[in-house]
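Here the structure is laid out as structure tokens; the discussion comes afterwards.
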Amino acid sequence: MLALPLVALAGPVRPAVADTVATMERHLDALQTIADQNNGNRAAGSSGYRASVDYAAKVLEKAGYDVTRQRFEITTYRLTERPAVAVVRPEKQRLRERKDYLVANFSGSASLQRPVVPAGGTRVPPPADGKGLKSGCSADDFPAETRGAIALVQRGGCMLTQKFENAQRAGARAMLLFNSGLPGEKEVVTITAENGNTLPIVFLSYRAGRDLLRSAEARRTVVRLDIRGKVLTKPTWNLIADSRGGDPERTLVVGGHLDSVPDGPGINDNGSGIALVLVAAQQMAERGEKPRNRVRFALWAAEEMGLLGSVHYVTTLPKHERQRIFAYLNFDMVASPNYVRFVDETLANPASVAIGDDFRAAFKRKGLVSAHFDSGGRTDTFAFIEAGIPAAGLFSGAEGEKTKSQQKRYGGRAGEPYDACYHQPCDTIDNINRRALREFSSAALTVVGEMARRKPAVPEATAARTLSSSPRYKGPYALY
Ligand code: DTR
Ligand code: ZN
Ligand code: ZN
């Protein structure tokens, strides 16, 4: 037998993960398969999420990392019976779930039949400029008859929680909230109350709300509600893997969220960011690189439920651990079909903008333009920024529409969403833009590498403060 060296047989040894995009595509395929085998989604609390955690943990362990699963509990809401909403007076009429109404997430449960009392400030039709809609935003919007009745309120002008609180203070037994009637705000959407809410809350289409308002203004109108829901507590996990070398006093966190929404497989949102974090970890391990700074790869749970995983991580970090983190890099959606190269940074935080500058420079070196974006609490940079840790990220666009000038710079189609499948069942492997994968991963890996090696400026004494606010983003639920 000829004893040829293996290398000669196989040609030059190519590291298994050298082809960044091909490696990312393997991860995306794996996540798609997981969704296919688990009711089409990978939402926190589901079997698809558990399988996603197992998959990512295996990839990281195989690359040689010690992987930590950080367990915490999440609460979800589920209707336990089919709800019913019906007008019983002046004329009987059953409303249709999904077409005319949707029960709010975390709605209180009740079976009741009560008169409908419109709150002040309703505008039907709504003002053309959309201004001045603030029904239920003030306590005086609720007349005395609201006590013991069902309050009817129009969407617009303030956070929904404010409307719920005002209605409850006025003694309402339930609330019907109808869509504003403005363009794009006519159909039903899922809204959310806070966990712990006891007020039964139903969202109505503009049409259903308008009809009910007309009726209630003209004569005694009575509605019957039957809502039974329950809050479930379930465990979920963040995944954390630290580089072998690197000074722990200077830790760089690189992450993205691992969960999808319940409505789809979440391959662009956020399989793409996860594929990027995984390939960064694999390549660092494969090069046998001992970075100057410790690099911590973090895969967050339950971003789609209100940034829960990253908020849990940051708020439970001991103070000295938090002070070791000099930056957080976030990757949430990096392969949108009709993409823009957004650099997500917080303008109010100069250190966040400095990271943004690094991303911009990395794109520029490849001859690629990019655009500033401020996610303003809509992704996992939120908890870090709030805790005084500089954070920034890359983002290829979600439900927003591409402008004409963006089309000139980035190609694609103006007037269409960056990701037409955002939060939908069609966010599959076919919803991935390969060119975006290549461009975003190139810039991301460059910046991760630089920041892992560079001696970071000593972070300014970050006051040990806890989160000053709770995230505005509550996943795919309307909040105002
Ligand atoms: N948080 C995202 C979508 C999203 C919206 N704005 C930004 C800005 C930067 C990153 C992501 C996003 C989601 O998971 O739905
Ligand atoms: Zn999302
Ligand atoms: Zn996302």
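When a ligand or atom number is given, it counts from 1 through the structure's own listing order. Values in this document were obtained by computation on a predicted structure and should not be read as measured data.
- Contact check on Arg365 versus Glu450 returns a salt bridge, with a Lys/Arg side-chain nitrogen under 4.0 Å from an Asp/Glu carboxylate oxygen.
- Considering backbone and side-chain N/O atoms, Asn330 never comes within less than 3.5 Å of an N/O atom of ligand 1.
- Metal site remark for the Zn ion (ligand 2): His257 contributes no N, O or S atom at a distance under 2.8 Å.
- Under a 4.0 Å criterion applied to the non-hydrogen atoms of Glu303, ligand 1 contributes the atoms 1 (N), 2 (C), 13 (C), 14 (O).
- The contact set between ligand 1 and Asp269, taken as ligand atoms under 4.0 Å from a residue heavy atom, comprises 13 (C), 14 (O), 15 (O).
- Within ligand 1, the atoms closer than 4.0 Å to a non-hydrogen atom of Tyr422 are 2 (C), 3 (C), 13 (C), 15 (O), numbered from 1 in the order shown.
- Pairs passing the ring-ring contact (aromatic ring centres under 6.0 Å, His included) check and including a residue from residues 28-52, sequence neighbours excluded, do not occur.
- Phe395 has its ring centre no less than 6.0 Å from the ring centre of Phe331.
- Residue contacts with ligand 1: Phe373 is included, with a non-hydrogen atom under 4.0 Å away.
- When each of Glu399, Gln406, Arg413 is checked for a side chain to side chain contact (heavy atoms under 4.5 Å, CB included) with Tyr418, only Gln406 meets the rule.
- The proximity of Asp344 to ligand 1, defined as any non-hydrogen pair under 4.0 Å, is limited to the side chain.
- Shown here are the salt bridge (charged side-chain N to carboxylate O under 4.0 Å, His left out) partners of Arg438, two or more places apart in sequence or in another chain: there are none.
- Closest N/O/S atom of Asp332 to the Zn ion (ligand 3): OD1.
- For Glu399, the closest heavy-atom approach to ligand 1 does not fall below 4.0 Å.
- The Zn ion (ligand 2) lies under 2.8 Å from an N, O or S atom belonging to Glu304.
- A tilted orientation is assigned to the rings of Phe342 and Phe373, their planes being inclined by 30° to 60°.
- The option with the heavy atom closest to atom 4 (C) of ligand 1, from among Phe395, Tyr418, Phe331, is Phe395.
- Closest non-hydrogen pair, Ile432 versus Ser272, comes out as CD1-CB, 4.4 Å.
- Because the distance cut-off is set at 2.8 Å, Asp269 qualifies as a neighbour of the Zn ion (ligand 2) through one of its N, O or S atoms.
- Centroid-to-centroid, the aromatic rings of Phe297 and Tyr65 come within less than 6.0 Å.
- Classified by interplanar angle (parallel below 30°, tilted 30° to 60°, perpendicular above 60°), the ring pair Phe384/Trp300 is tilted.
- Ligand 1 lies nowhere less than 4.0 angstrom from a heavy atom belonging to Asn270.
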